[in-house]
Structure formats: C-alpha cells, structure tokens
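Note that the coordinates shown come from a computational prediction; the quantities given were computed from them, not determined experimentally.
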Amino acid sequence: MKQSLPLSGRIFSATLLSNRFMPLFICLAGFAVRLFCIVRCEYGIHSDAGEFMEIALNLIAGRGYYLDGGTSAYRMPGYPLTLAFLNLISRNLVWLRIVQAVWEIAAGYIIYLLGKRHFGELPALIALVVWSFLPVSVIQPLTFMSEGLFTLLFVMMIYVMTGKTRYCSTIAGGLLCGALTLIKPQMLLFPGIFFVLLLMRKVRLPVAAKHLIVFTIPVIITLTPWILRNKQQFGAYIISTNGGQNLYVGNNPKARGGYYDVPRESHPELPIDREFKRKAVSFIVNNPAAVMKLIPKKIAYLFSLESASAILLHFKGKMPDDRSYADACRMTPVWLLVVFNLPYVLVVVGAVWASFLLYTRMIFLREIIIITLFWAAIHCVYFGASRFHYPLLPLFTLAASLIPLFKTQGVKTRFTLAGGACISLILIALWFVELVMLFRS
C-alpha cells in the first residue's frame, strides 16, 4: 500500500516529476561525482582488495584460481571472476573503477524502481538522490571490494522478488541468489527468508512451498560447478575455506565482536579451516554465556559509523602500519569524518522511524525489517564490521525516503513512538560511545 501524500506534497511531486528524464539527470550527476573521485583520489589496492585482484590476475595468466601461491577457495569466486573478465578487456584501473561506478548508479536506479513500485514517485526520487550522493557509495568504486557488485545484484534480486508472485520471477530471483552466494556464502540461507516473505504476503502455504523449491533449484544449479571444482581440488564438497576462520574470529577467548587479524598459514587451506572451525565450535559449546555477551558487540560493530571509509580515503586505501585504528581516526580531518558519518546516521535513524511509524501500512517495510534481521543474525554468529552493513544501505535509504512525506496524524499508538525513540537512542548511544573511544587520549 502506497503512502498518500498531503496536498502540498502532491503539488511539489507533480512539479518535480513533470520532467520524465529527472531520474536520468540524477543518475548522470551521481556518475559525474564518482568519476571526479576516480580521477582525483589516490586509492591503493590492499588487504582483501589485493587478494581479489591477485586471484583475477592469476586467472588471466593461466595459473588458475590461485592465492598466496596455491590453489584456493578462500575467496568466493563471484567477484574475482568478474574482475578477471574486466581485466581481459583492459587492466587500466580507471576503466575498472568506471565500471564499478556504473554498478553503483545501476543500483541507485533499481532503488528508484523499488521506491516507485512500493512507495510512489516522490519517495523514489528522494531515495535515488540520497543514494547517488551518499559518500560511502561515491567512493565504493575506488575500493575493489565485493560489496559494490553484491549490492547491485542484491537490490536486483529484491526487485524481482517483491513484484508479483510468479514462477518466472521466482526462477530469476533464485539465479540472482545463486550469483550472490558466489560472492557471500551466507546467501545460501536466503531461500528460507524468501519463504518467510511469501507467507507475509499471505501466499498460501502449498503455493509458498512450491515457490521455495523453484527458488532453491537455480541456487543449487548456480553453485554446483564451484562445489564440484572444490571437490576435485580439496576432496570435499565445500563452498569456501574461510568459514572456519570467520567463525573463529567472532568466537574465541580474545573475540571482541569485530574483526582482528588471526595469524594463519596460507596452505593447506582446508585443514586449517577445519581446525579454526573446531576451535570456534568448542568455544561456543563450552562458553555459551560469553558467546551471548558478544552478540550486542557484534551488532554494534555491524552498524558502526562510516569512519573507516573516511580514514581509508584519507590514507589512500591502506591503514598506516605504525598506527592504531584510533590513531588513524584522530589523524583524519574532522570534516571528512562528518561528511561520511552524518548522512549515514540520518539514513539509518530515518529508516528506523519509518519502519516503526509505517510498517503496518506498507508490506515492503516489513520485508525490509525481515531482511535486516536476517543479515544481523548472520553476523551475530560470525562478527561485525561497518563494511558489512553496506548491502543494507539501499533498503535503509528507501525506508528513510518516506520520512519527509510522513503525516503526523498517522501515528495511532504510543508503541510506535516509544519503539522508534528507543532504537534510535540505542543507535545514537552506540555511535557516541564509538566516537568517545576513538578520540579519547
């Protein structure tokens, strides 16, 4: 159900939308900003980005899916294979970043289509404007991280899934989910979320079960070549060889909820991964209280501020080796931290209020809540980091786009006000504590 606009909103909407090319103009402006950053900003390829690029170049050179000098399944293949294809066309970094800028703009246009379908034209345009100039999205093409490609495919899948419930859409959604799983393996669990969303739309249980099967089959088909390759290389039907390490990072005596470097040998990957998994499971089983205490910290890290993006931009893509994260943050210009953090705070808090105030009238808001809970639950098991909330930002942007058009007379219960205020204050408190910890001497 679309939110009806007040008279002033309808007049403004009609004026603004009189030009049918307005979404195109916004997209072109967003692309121009990203192109400016690509040309003017220095940003090196380090850490995870370096490993993605190493695999891509090894593929082009005919050495196979190699990392650190050996056959690997440590990184999922979706993004490195895409990088390899783009490198075949040209290895020019500007070219590669321009393609990634196009991904960001394409994601923005799909955000617009989602908003137009579920909320109306004006909220859709607001969401498109916010995404087009959201600083963390603007610099995403510089980073060579998998989040850009993942987010584009993610919003495409959501657009397909949230239309009319038809088998052709379900098949397309399953194929996209399979492609997403080849980037982030936790998406293997997403068919269950798709089933929940169908039931929320009051699809009859037998029909929902059929769609679940139709959705899951393309996921399995998409993953099969990669799993068979791993069986041939490692002797086991596995998706990746870093799940054990990621589980251990979030579940060990030194875990604090976020990421930290765990010393590991590069090869052989599978035995190392299994050993990490054994240690993590042992910790979880023997220390349930400690594991539960870590969950709020993992959530706090997941929804932490975008300071890391500002710091990396300031230091040209690499944290200084001789400085702590807090030191690097204090060395970053305050204005740059504000530019990245303030829009993020406004978008997330706006999404929280929209979800509480309007969820009973808009099924898509309820679907956003379910997807967010799924994403948070995954990271409650593993660990949190600010970059991991990036795929959720399009959904938060869509929800927050409703706030400027909200009519206060729509609030009927104190629960909605109390709930929105409570979650907002918790988030603001977490962000305040984060800043205090970073800037204290």
Side-chain angles (χ1 to χ4, degrees), residues 47-49 130 134-140 143 145-148 150-151 184 186 246 249-251 254-262 293-315 317-320 323-353 355 371-397 399-400 422-440:
S47 187
D48 291 5
V130 171
L134 193 66
V136 67
S137 173
V138 168
I139 70 157
Q140 187 66 32
T143 65
M145 298 294 280
S146 61
E147 274 71 22
F150 182 90
T151 301
K184 292 184 180 291
Q186 60 261 40
N246 286 338
V249 167
N251 300 278
K254 296 182 180 180
R256 295 294 180 267
Y259 178 78
Y260 68 96
D261 287 325
V262 176
K293 288 179 181 178
L294 282 170
I295 289 178
K297 296 179 181 179
K298 294 175 181 179
I299 295 295
Y301 275 103
L302 177 62
F303 294 107
S304 58
L305 292 168
E306 292 290 351
S307 300
S309 299
I311 295 169
L312 285 170
L313 182 62
H314 178 66
F315 286 100
K318 187 179 187 298
M319 291 289 182
R323 299 284 184 172
S324 67
Y325 178 79
D327 288 338
C329 185
R330 288 191 288 268
M331 294 169 66
T332 302
V334 173
W335 69 265
L336 191 60
L337 293 169
V338 172
V339 164
F340 275 84
N341 287 325
L342 183 58
Y344 169 72
V345 168
L346 294 175
V347 165
V348 174
V349 172
V352 168
W353 276 104
S355 298
I371 294 170
T372 302
L373 291 175
F374 160 73
W375 203 252
I378 292 295
H379 292 284
C380 285
V381 177
Y382 291 91
F383 61 91
S386 60
R387 64 176 262 213
F388 295 151
H389 67 231
Y390 189 77
L392 295 178
L393 288 183
L395 303 182
F396 295 164
T397 300
C422 181
I423 300 299
S424 298
L425 289 174
I426 289 173
L427 287 170
I428 291 170
L430 287 174
W431 295 327
F432 178 76
V433 170
E434 178 184 348
L435 291 174
V436 169
M437 293 179 66
L438 289 173
F439 282 96
R440 69 183 178 182

Donor-acceptor pair, side chain of Arg256 and main chain of Lys254, under 3.5 angstrom | yes

Phe150 backbone acceptor or donor facing Lys184 side chain under 3.5 Å = no

Mind checking the [atom1]-[atom2] spacing from [X] to [Y]? Nearest 0.5 Å is all I need.
X	Y	atom1	atom2	answer
Tyr344	Phe396	OH	CZ	7.0 Å
Leu312	Phe340	CG	CZ	9.5 Å
Ile423	Ile428	CD1	CD1	11.5 Å
Asp261	Ser47	CG	OG	7.5 Å
Leu305	Leu337	CG	CG	9.0 Å
Tyr325	Ile311	OH	CD1	4.0 Å

Would you indicate whether the side-chain heavy atoms of [Y] and [X] approach each other to under 4.5 Å?
X	Y	result
Phe303	Ile426	no
His389	His379	no
Phe315	Arg323	no
Ser137	Leu393	no
Asn251	Lys298	yes
Trp431	Leu427	yes

So, for [X] and [Y], which heavy atoms are closest and what is the spacing to 0.1 Å?
X	Y	answer
Pro343	Val338	CD-O, 3.8 Å
Trp353	Ser424	NE1-OG, 3.1 Å
Val339	Pro135	O-CG, 3.2 Å
Cys329	Leu438	SG-CD1, 3.7 Å
Ile299	Ala376	CD1-CB, 3.9 Å
Leu430	Ala300	CD2-CB, 4.0 Å

For atom OH of Tyr260, decide whether the heavy atoms of other residues, nucleotides or ligands shown that lie under 6.0 angstrom number more than 12.
-> yes

Can you tell me if NZ on Lys293 sees more than 12 non-hydrogen neighbours from other groups inside 6.0 Å?
-> no

Salt bridge (Lys or Arg N to Asp or Glu O under 4.0 Å) partners of Asp327, counting only residues at least two apart | Arg330

Which pairs pass salt bridge (charged side-chain N to carboxylate O under 4.0 Å, His left out) with one or both residues in residues 383-393, sequence neighbours excluded?
-> Asp48-Arg387, Glu147-Arg387

In short, salt bridge (charged side-chain N to carboxylate O under 4.0 Å, His left out) pairs touching residues 428-437 with sequence neighbours left out are none

Does the side-chain contact (heavy atoms from CB on, under 4.5 Å) test come out yes or no for Tyr390 and Gln140, once each step is laid out?
-> CA-CA 10 Å; Tyr390 189 77; Gln140 187 66 32; 3.8 Å; yes

Checking ring pair (Phe, Tyr, Trp, His ring centres under 6.0 Å) for the pair Tyr259/Tyr301: CA distance, chi angles, key distance, verdict?
-> CA-CA 9 Å; Tyr259 178 78; Tyr301 275 103; over 10 Å; no

